Every structure is written in structure tokens, then in C-alpha cells.
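The sequence lines fix the lettering, A, B, ..., with proteins before strands; numbering per chain opens at 1. What you see is a predicted model; the values in this text were computed from it and never measured.
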Amino acid sequence: MAENNSGGGGGGGGEVEANQTIYINNLNEKIKLDELKKSLLAVFSQFGKIVEVLAFKTLKHKGQAWLVFEDVSSATKALHQMQGFPFYDKPMRIQYAKTKSDVIAKADGTFVPRERRKRHEEKGKKRKEQHDASQAGMPIPAYAGTYGSAPPLSQIPYPGGVKLPEAPAPPNNILFVQNLPQETTPMMLQMLFCQYAGFKEVRMVEAKPGIAFVEYGDEMQSTVAMQELQSFKLTPQSSMLITYAKK
DNA sequence: AGCACA
């Protein structure tokens with residue numbers, strides 16, 4: 001049952017052979033790497049086990065990510081099903097990665113460390129000696145298991161229109177806390193937030209249960225508190241969402 | 001646009 005992509009109509013060129021790793025570009029470059037990777041993981045783990053998510057912020061690699069699946073079939077499903085998927089307001093462009101990921105090669109035993117990777121190498125050189133990789137030092141037993149089977153995020157809606165937390169608000173010394181359980185009191189929040197330097201006060205809005213504002217002396221301080229307490233669970237079933245308050 | 005493995 002080998003599936004043939006029968007060319008079909010048009011499309012660009014540059015098709016690459018199937019790979020366990022998909023290469024995604026046209027990603028929103030404003031999203032912080034950590035969040036981006038978590039969101040990718042959350043959105044893509046429906047297609048199968050993900051071994052690794054890689055993304056870099058260097059100029060040459062912004063807006064791109066590599067997603068390593070355990071199986072090629074998962075990668076293929078993901079590639080087709082998520083092609084063009086709106087992600088942080090931009091349609092994802094997905095291809096197979098051009099080369100095998102290191103984590104896979106390591107599990108294969110075909111990993112060969114790229115020693116000849118200097119900054120600027122002679123660019124006339126062709127490297128054709130990729131014929132064999134029988135031994136690459138010691139064989140590595142299995143995947144390092146970068147991610148367990150359970151993705152940390154479980155608040156991702158579904159394909160068709162994503163609304164991921166998009167960090168729209170610029171830094172602010174006041175934090176906006178959402179998704180608090182009904183029984184939250186200002187005192188509870190104060191105990192949590194006063195641990196961090198610059199804490200000033202907690203304000204809850206009685207008309208709207210579930211939210212609070214927490215003020216710090218400056219943006220640096222509020223940022224630290226936000227990072228430390230992001231997704232903190234006051235109860236097992238609800239984790240708080242912290243963003244900067246709008247100005 | 002841009003295919004890496006910090």
C-alpha cells in the first residue's frame with residue numbers, strides 16, 4: 001500500500017523524500033521559542049509520538065522548526081493534515097526535513113558527529129563520502145526520550161482555527177491573572193505572589209470571578225513573577241494563566 | 001526566504 005503522490009495539479013517544486021522529521025517554516029517569528037515549541041508539541045502530538053522539537057532564533061533559522069516523530073507515518077499524517085494550518089495567525093508550511101535528525105541517527109547507530117562543521121569552510125568541496133556509517137562509536141540504545149508521551153499542554157483547541165496565547169500585551173508591571181478557581185481569595189494570591197521581589201498588591205475583581213491583577217514595582221519584577229508562577233495550579237484541575245495587564 | 005541538531 002505504498003501511497004503515490006501522483007503529481008496532481010501544480011504546486012511548487014522541491015519535494016523531499018519522506019522523513020521522520022518535518023520541517024516547518026512561515027512560523028510567526030514574534031513567538032518566543034519556548035512557547036513556540038510547546039505549542040507545536042501540543043498541536044502535533046495527535047499524530048504520533050514526538051521525539052524532539054527543535055527551533056532556533058538565529059537569523060538564518062527564525063520562523064522555522066523541526067519536529068521529529070518516532071514514525072515516518074506520523075510525520076506524513078502531520079504534514080498533510082496540518083499543511084497551511086493557521087498557527088499564531090500564519091499558515092504553516094510543512095515539508096519533510098532534508099536530512100535525518102541526529103536523535104534518529106543516534107538511535108539508528110548511523111550517527112556520525114559532524115566534525116567538519118567549521119564556521120566558514122571551503123565552499124567548493126563536495127562531500128560525497130556519505131556512503132557508509134556502519135559504526136559511529138558506540139551504538140545508542142534508543143531515543144533519549146526528550147518528551148514523554150503526554151504533552152504538557154492540554155489547552156489546545158483543535159485544527160481549524162487556533163487561538164493560542166499570543167503574548168499580545170507588552171510588558172507591564174501589572175500582571176493579569178486568569179483562570180483562577182472560584183474559591184480563590186486575595187489572600188491566597190498574595191501568599192503566592194509576595195514571594196517575588198517588588199510585590200505591591202493583589203486586586204481581585206468581584207464582578208468577575210476568576211481573574212486578578214497583581215502589581216509589582218517594575219516590569220522586570222513582574223516578569224520574574226510571571227515566569228515563576230505561570231500555570232501554577234491552585235487546584236489540581238485549573239492552572240492559572242498569567243499575562244501582562246493591558247495598559 | 002531561510003534545512004539544524006546550542
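Remark: A/Lys77 fails to qualify as a cation-pi partner of A/Phe47 under the 6.0 Å distance and 45° angle criteria applied to the six-membered ring.
Atom CG in A/Leu59 sits roughly 13 Å away from atom P in B/dG2 (whole-Å rounding). Atom-to-atom, CG of A/Leu27 to P of B/dA1 comes out at 14 Å; the value is rounded to the nearest Å. B/dA4 atom P lies 17 Å from atom NZ of A/Lys62, rounded to whole Å. Nucleotide B/dA4 holds its P atom 16 Å from the NZ atom of A/Lys106, rounded to whole Å. A/Ile24 places its CD1 atom 15 Å from the C1' atom of B/dG2, with the value rounded to the nearest Å. Summarising the geometry, the separation between NZ on A/Lys90 and P on B/dG2 is reported as 14 Å, rounded to the nearest angstrom. If you take NZ of A/Lys57 and P of B/dA4, they are 18 Å apart, rounded to a whole angstrom. For the pair A/Phe111 CZ and B/dA4 P, the interatomic distance rounds to 14 Å; values are reported in whole Å.
In this structure, A/Phe56 does not count as stacked on the base of B/dA4 under the 5.5 Å centre distance and 30° plane angle limits.
Heavy-atom distances to DNA chain B give each of A/Ala55 and A/Ala97 a nearest nucleotide, and the one nearer the 5′ end belongs to A/Ala97. Nearest-nucleotide positions on DNA chain B for A/Glu29 and A/Lys100 put A/Glu29 closer to the 5' end.
A donor atom on one side chain and an acceptor atom on the other are not found under 3.5 Å apart for A/Tyr196 and A/Gln221. When only modelled atom types and interatomic distance are considered, A/Tyr216 and A/Thr223 share no side-chain donor-acceptor pair under 3.5 Å.
Evaluation of atom-type donor-acceptor distances gives a pair under 3.5 Å for the side chain of A/Ser101 against the base of B/dA4.
Aromatic pair A/Phe213/A/Phe176: ring centres closer than 6.0 Å.
The aromatic rings of A/His61 and A/Phe56 sit perpendicular, their planes meeting at an angle over 60°, well past the 30° parallel limit.
Between A/Lys60 and B/dC3, a side-chain N or O to OP1/OP2 separation shorter than 4.0 Å is absent.
Closest to the side chain of A/Leu33, from the set B/dA4, B/dC5, B/dA6, is B/dA6.
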